[in-house]
Amino acid sequence: METLANVLVGLVAALHAYILVLEMFLWQKKPGRALHGFDRELARATAPMAANQGLYNGFLAAGLVWGLIAADPTGFRAQVFFLSCVVVAGVYGAATANRRILFAQALPGALALAAVLVAR
């Protein structure tokens, strides 16, 4: 179960690293605009906000990687903390911005968190 938990944590970290790239570097390009259906003007106007969001997603990814490489109990605690942050952010984003966030971010985070807790 520990291997499954580590794989899921790694996948959630990779997801948030991808979101960082999308929001910080690709927001005004086709992949970023397609995500929300923005035209060039709206993408340009919202790029600073998206870059800020991307940075926060990078912090989540970094924290999860730290949790994977740190020895216990620090690694376990970091994984639980950062996965909890992912779930809370995903639920909040789904409630306030787009319901898809619940399935794209909160659900993978919750599954990884459950696996980490069961593997303990």
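Position 1 is the first residue of the sequence; numbering continues from there. Basis for what follows: all heavy atoms, side chains included, without hydrogens, waters or symmetry-related copies. Computed from a predicted model, the values in this text were never measured in an experiment.
When every heavy atom of A50 is checked against every heavy atom of E23, the shortest pair comes out as O-CB, 3.2 Å. The two atoms that bring R33 and A43 nearest to each other are CG-CB, 3.6 Å, heavy atoms only. Residue Q105 comes nearest to G90 through the heavy atom pair CB-CA, 4.4 Å, listed as atom of the first residue, atom of the second, then distance. Taking every heavy atom of both residues into account, L8 and L111 meet most closely at CD1-O, 4.0 Å. Contact record, A13 with V65: CB-CG2, 4.1 Å, taken as the closest heavy-atom pair. G67 and A78 make their closest contact through CA-CB, 3.7 Å (heavy atoms, listed as atom of the first residue, atom of the second, distance).
Under the 4.5 Å side-chain contact rule for hydrophobic residues, L68 and L83 share a cluster. Note on L4: it clusters hydrophobically with V118, by side-chain heavy-atom contacts below 4.5 Å among ILVMFWY residues. Placement of L102 and I19 in two distinct hydrophobic clusters is found when ILVMFWY residues are connected by side-chain heavy-atom separations under 4.5 Å, directly or transitively.
Taking CD1 of I101 as the reference point, atom CG of L107 lies at 13.5 Å (rounded to 0.5 Å). The structure places CD1 of I69 at 11.5 Å from CG of L64, a figure rounded to the nearest 0.5 Å. Taking NZ of K29 as the start and CZ of R40 as the end, the distance is 9.5 Å to the nearest 0.5 Å. Annotation: the span from T46 atom OG1 to E41 atom CD amounts to 10.5 Å, rounded to 0.5 Å.
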Worked verdict on V80 versus L113 for side-chain contact (heavy atoms from CB on, under 4.5 Å): CA-CA 6 Å; V80 169; L113 178 59; 4.2 Å; yes
Verdict with supporting geometry, L42 and D39, side-chain contact (heavy atoms from CB on, under 4.5 Å): CA-CA 6 Å; L42 188 53; D39 60 20; 3.3 Å; yes
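Each ring-ring contact (aromatic ring centres under 6.0 Å, His included) pair with one or both residues in residues 6-29, not counting sequence neighbours, appears once here: W27-H36, W27-F38. Sorted pairs that involve residues 39-94 and meet ring-ring contact (aromatic ring centres under 6.0 Å, His included), not counting sequence neighbours, are lacking altogether.
Residues L11 and P108 fail the side-chain proximity criterion, which asks for heavy atoms closer than 4.5 Å.
At least one donor-acceptor pair under 3.5 Å links the side chain of N57 to the backbone N or O of Q53. Side-chain atoms of R99 do not come within 3.5 Å of backbone N or O of A94 as any donor-acceptor pair.
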